[in-house]
Number of protein chains: 2
Amino acid sequence: MSLNADGAPRRRRGKELENALLDAAWAELTERGYDEFAIDRVATRAGTSRAVLYRRWPGKQDLVRAAVEHNTGEGPAIAPDTGSLRGDVVALLRQTNERRRTLVTVLMTRLGGFYRASGTTLADLAEAGAGDSIMHEVLDRAIERGEVEPGQVSDRIMQLPLHLFRYEALMTLRPVPEQAIEEIVDTIFLPLVHGNR
Amino acid sequence: MSLNADGAPRRRRGKELENALLDAAWAELTERGYDEFAIDRVATRAGTSRAVLYRRWPGKQDLVRAAVEHNTGEGPAIAPDTGSLRGDVVALLRQTNERRRTLVTVLMTRLGGFYRASGTTLADLAEAGAGDSIMHEVLDRAIERGEVEPGQVSDRIMQLPLHLFRYEALMTLRPVPEQAIEEIVDTIFLPLVHGNR
DNA sequence: TATTTGAGATACAGACTGTATCTTATACCA
DNA sequence: TGGTATAAGATACAGTCTGTATCTCAAATA
């Protein structure tokens, strides 16, 4: 039970209490991760009892969700206007970097335990699925055939098709449609490799 | 306890038992998801007791990891050799599509509960961080300025910088370095938009 | 056949969940 | 200002799951 400075019992209500609860939940989430997140501990941390939490959120996932929303809502992003396309896009990415908190924190809380436990990262798992070295092999053969000039293709461009493919697979959690595969290769990868010949 | 056809008690050992355990774990994982995954239930499903599981894996996460590896290991991917760069890359992506199981299943088991609970997908979260519509706005202004010809930039290319950025952020769970941002914009996005002028 | 290994059963303490019930501080209203 | 309604906070309960420990006995090995 929370006490006043003079030791009298004190009862928070409404928004004040709710904020304290969500802040405590958020702290637990970021400190211990989703796997070890317990309503019990949130209540203790907030200096109240579990009943108060259950009165507001039916279960763990609802509370987690509320805590994430409460602590990451930052309003919509604003389109930068620097006067040039390059400047705008660079500014947009920089801005996203700062606002990245939302997504990354959610992912960390969800994946953190698994990462720690397995010593694996998302990138390792992707790597295991289709090693980036394979693109090296493919490119080397293209160079041998004279399709591509040696040293012309940066690492980032070389990995581009796989990265875009995986991004799409991750976002949709579905097989990537054939049409998307061909679009990636024909309108993005090959033009970059061949310098729009 | 497992029984023989004639009702005599029967004890599996070694690989036979281990496969049964991992199959049971996998079934629990795919049917109920990571959140509800319980060693208890795996043991029951495999027709044995928890002690047998704890003898092999120290805890839940280790068992989950082993089950994922056991049920998705398909050996290393083979570099396709179709005789052209385009053919090779398309084949590689198609092949990855079929092998995608590993990554997607791991993610589903990790994120599935959250998705169900929140009604949010990874794409929604990404979208909330920096709406794709912003790139539209940026591009529109570039067209007004005469930097870009109208109708020249496909949706996929328009979203390319954000997608590559997010892919990198997701994989590393770190801020994307300034140098990577500029590389994405200067060596990939702008060349595609301007047709390598 | 004797010995070793480890499967399978069971019991335990502890943590956490979700529900229910009680007292009482606080807000609101007559 | 005093009475009443609301909900905070405490507590108790049954149930599930965890991780550990201990026991018996089936099966592999020598």
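Worth knowing before you read on, the calculation uses all heavy atoms, side chains too, and leaves out hydrogens, waters and symmetry mates.
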K.L.:
Check the phosphate of D:dA8 against A:Thr48, side-chain N and O only, distance under 4.0 Å to OP1 or OP2. Yes or no?
P.N.:
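No, because none of the side-chain N or O atoms of A:Thr48 sits under 4.0 Å from OP1 or OP2 of D:dA8.
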
K.L.:
Looking at C:dT17, C:dA25, D:dT18, which one has an atom nearest to any side-chain atom of A:Arg13?
P.N.:
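The answer is C:dA25.
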
K.L.:
Let me know, please, whether A:Arg55 or B:Pro58 comes out on the 5' side of the other along DNA chain D by nearest nucleotide.
P.N.:
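Closer to the 5' end of DNA chain D: A:Arg55.
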
K.L.:
Using a 4.0 Å heavy-atom cut-off across all strands, classify B:Arg41 as base, sugar-phosphate, or nothing.
P.N.:
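Touches sugar-phosphate only.
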
K.L.:
Rounded off to whole Å, could you give me the CZ-to-C1' distance for the A:Phe37 and C:dA15 pair?
P.N.:
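Result: 16 Å.
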
K.L.:
So which nucleotide from C:dT24, D:dC17, D:dA21 ends up closest to the side chain of B:Ala51?
P.N.:
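Selected nucleotide: D:dA21.
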
K.L.:
When the distance from CZ of B:Arg45 to C1' of C:dG8 is rounded to whole Å, what number comes out?
P.N.:
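Those two atoms, CZ and C1', are 20 Å apart.
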
K.L.:
Does the pair A:Glu168/B:Arg156 count as a salt bridge with the N-to-O cut at 4.0 Å?
P.N.:
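Judged by the 4.0 Å cut-off on N to carboxylate O distance, A:Glu168 and B:Arg156 do form a salt bridge.
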
K.L.:
If I take atom CG in residue A:Leu17 and atom C1' in nucleotide C:dT26, what distance separates them, rounded to the nearest angstrom?
P.N.:
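Answer to the nearest Å: 13 Å.
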
K.L.:
Kindly compute the distance separating CG (A:Leu21) from CZ (A:Arg45), expressed to the nearest 0.5 Å.
P.N.:
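Going from CG on A:Leu21 over to CZ on A:Arg45, the span is 13.0 Å.
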
K.L.:
Let me know the distance between CG of B:Asp40 and P of D:dC17, rounded to the nearest Å.
P.N.:
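B:Asp40 atom CG is separated from D:dC17 atom P by 5 Å.
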
K.L.:
Please tell me which of the listed nucleotides, D:dG19, D:dA8, C:dT19, lies nearest to the side chain of B:Ile39?
P.N.:
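Out of D:dG19, D:dA8, C:dT19, the nucleotide with an atom closest to B:Ile39's side chain is D:dG19.
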
K.L.:
On a heavy-atom basis, which atom in A:Gln152 and which in A:Val148 lie closest, and how many Å separate them?
P.N.:
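Answer, listing the atom of A:Gln152 first, then A:Val148: OE1-CG1, 4.0 Å.
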
K.L.:
Is a salt bridge present between A:Glu144 and A:Arg141, judged by a nitrogen-to-oxygen distance below 4.0 Å?
P.N.:
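No, this pair does not count.
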
K.L.:
Which nucleotide wins on minimum distance to the side chain of A:Arg56, given the candidates D:dA10, C:dT10, D:dA8?
P.N.:
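Minimum distance to the A:Arg56 side chain belongs to D:dA8.
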
K.L.:
To the nearest Å, how far apart are B:Tyr54 OH and C:dA13 C1'?
P.N.:
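Rounded to the whole Å, the gap is 14 Å.
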
K.L.:
Considering every strand and a 4.0 Å limit on heavy-atom distances, what is the contact class for B:Ala38: base, sugar-phosphate, or nothing?
P.N.:
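Answer is sugar-phosphate: B:Ala38 comes under 4.0 Å of backbone atoms only.
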
K.L.:
What is the distance, to the nearest angstrom, from the NZ atom on B:Lys60 to the P atom on C:dA15?
P.N.:
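The answer, rounded to whole Å, is 18 Å.
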
K.L.:
Without decimals, in angstroms, what is the distance between B:Leu21 CG and C:dG8 C1'?
P.N.:
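So the two atoms are 12 Å apart, to the nearest Å.
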
K.L.:
Specify the separation, in whole Å, of atom CD of A:Glu28 and atom C1' of C:dT17.
P.N.:
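That distance rounds to 16 Å.
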
K.L.:
From the set C:dT26, C:dC12, D:dC25, return the single nucleotide nearest to any side-chain atom of B:Arg50.
P.N.:
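Within the option list, the nearest is C:dC12.
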
K.L.:
If you look at every heavy atom in B:Arg56 and B:Gly14, which pair is closest and at what distance?
P.N.:
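Minimum heavy-atom separation between B:Arg56 and B:Gly14: NH2-O, 4.1 Å.
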
